[in-house]
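Residue numbers count from 1 along this sequence. Just so you know, ligand 1 is whichever comes first in the structure, and atom 1 is the first atom listed for that ligand.
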Amino acid sequence: MTRKLHVAAAQLGAVHLADSRESVVNRLRALLAQAHARGVKFVVFPETALTTFFPRYWFDDPREVDDRFFERTMPSPVTQPLFDDAKRYGIGFYLGYAELTEQEGRTRRFNTAILVSPAGEIVGKYRKVHLPGHAEHKPQAAFQHLEKKYFEVGDLGFRTWRMQDAIMGMLICNDRRWPEAFRALTLQGAELVTLGFNTPTENLHYPEPPALRVHHHLIMAQAMAFMNATWLIETAKCGFEDGFRMFGNSLIVAPSGEIVAKTVTEDDELINFDADLDLAQDLKRTMFNYAAHRRPEHYRILIDRVGAQTTPQNG
Ligand code: ING
């Protein structure tokens with residue numbers, strides 16, 4: 001008997017600076033209702049789903065950032081209705097948000113995602129490890145990418161949880177550019193990797209063709225799913241947020257590396273697929289049988305070296 005899980009990516013279109021959390025939660029609830037109507041049982045929402053992608057802005061007053069964009073409790077009164085709906089529908093979900101917490105006697109800020117069970121309980125938490133961008137103000141740039149300013153590197157590592165008869169792992173956005181992240185999860189048995197993203201259409205560092213950025217997103221998702229023999233759901237928040245465009249292309253990718261569903265708009269859009277969680281069995285038994293084929297004794301450099309150092313054998 002195959003294990004099936006009807007999954008969905010619930011993509012969000014633009015969330016503007018002026019948009020209230022209530023208005024965003026209502027949009028998330030509408031997507032959840034759509035998912036329920038289609039018989040979906042697990043939904044992945046985007047990264048920082050409750051607010052505009054605020055790392056694109058420099059704010060002089062850190063208190064303003066904390067008050068406008070971070071969540072001190074989850075669920076909160078404004079997000080509780082989403083949890084209640086999911087519980088009523090019996091749907092599990094992944095939700096990305098900016099987390100502010102008092103930990104070890106100081107205020108900590110993370111780019112966070114949680115897994116919430118169909119019973120409405122928070123089963124797992126992940127804090128983004130790979131923070132892209134910069135910490136200093138770039139006044140000449142068309143926009144900022146201040147994740148290194150507003151967030152700390154995640155302190156929870158890469159972990160998996162059993163939920164809805166699947167072993168699930170969580171990542172966030174830039175993590176999808178680092179193979180180490182997927183390997184860390186699938187070495188723990190992950191068979192469904194979930195990832196929300198907010199990816200600018202333009203590259204703030206140099207004039208990279210926007211189509212090339214989407215191409216990179218598509219090839220990474222297919223490659224990471226296949227090379228780790230895992231299902232992969234990647235959900236965008238996208239569209240023009242106060243004029244700053246981010247691309248969509250939310251995806252559901254099978255362990256074969258095949259894209260089985262992709263969004264076609266930069267708006268609120270639901271894509272879904274009834275996933276066979278045992279589809280990867282042959283791959284895990286043969287081609288990507290880690291225990292049979294991996295040679296960690298030759299991977300030491302992956303741990304010992306951070307940046308590239310040119311060290312040819314012949315000097
Ligand atoms: N966004 C982007 C991402 O990794 C980025 C940042 C884009 C970095 C393109 C490098 C190149 O998709 C987030 N939020 O990580």
Note: ligand 1 atoms sitting under 4.0 Å from heavy atoms of Asn174 are 3 (C), 4 (O), 8 (C), 15 (O)

Between the main-chain N or O of Cys173 and the side-chain N or O of Asn198, is there a donor-acceptor pair closer than 3.5 Å?
-> no

Can you sort out which atoms of ligand 1 are near Arg176, meaning under 4.0 Å from one of its heavy atoms?
-> 3 (C), 12 (O)

Atoms of ligand 1, numbered as shown, that sit under 4.0 Å from any heavy atom of Thr199 | 2 (C), 3 (C), 12 (O)

Consider only side-chain N and O atoms of Arg305 and Thr311, and report whether a donor and an acceptor are under 3.5 Å apart.
-> yes

Heavy atom of the protein closest to atom 14 (N) of ligand 1 (residue, atom name, distance) = Glu147 OE2, 2.9 Å

Phe53: numbered ligand 1 atoms lying under 4.0 Å from its heavy atoms = 14 (N)

For the residue pair Glu191 and Ala166, what are the closest heavy atoms and their distance?
-> OE2-CA, 3.3 Å

Is there a heavy atom of His145 sitting under 4.0 angstrom from any atom of ligand 1?
-> yes

Atom 1 (N) of ligand 1: which protein heavy atom is closest, and how many Å away?
-> Asn198 O, 3.0 Å

Is there a donor in the side chain of Ser117 and an acceptor in the side chain of Glu121, or the other way round, less than 3.5 Å apart?
-> no

Record the part of Arg177 in heavy-atom contact with ligand 1 below 4.0 Å; permitted values are side chain, backbone, both and neither.
-> side chain

Leu283 and Phe226: CA distance, side-chain angles, deciding distance, side chain to side chain contact (heavy atoms under 4.5 Å, CB included) verdict | CA-CA 9 Å; Leu283 278 176; Phe226 172 59; 3.8 Å; yes

Under-4.0 Å salt bridge between Glu241 and Arg245 = no

Mark the output for Lys128 as yes if a heavy-atom distance to ligand 1 is under 4.0 Å, and as no if none is.
-> yes

Taking NZ, NE, NH1 and NH2 as the nitrogens, is one of them in Arg56 or Asp242 under 4.0 Å from a carboxylate oxygen of the other?
-> no

Output the list of atoms in ligand 1 that are nearer than 4.0 Å to some heavy atom of Glu47, sorted by atom number.
-> 14 (N)

Ligand 1 atoms in contact with Cys173 (distance to a heavy atom under 4.0 Å) | 1 (N), 2 (C), 3 (C), 12 (O), 13 (C), 14 (N), 15 (O)

Atom pair CG/OG1 of Asn249 and Thr263 - distance to nearest 0.5 Å | 5.5 Å

Considering only heavy atoms of Arg213, which atoms of ligand 1 have at least one such atom less than 4.0 Å away?
-> 7 (C), 9 (C)

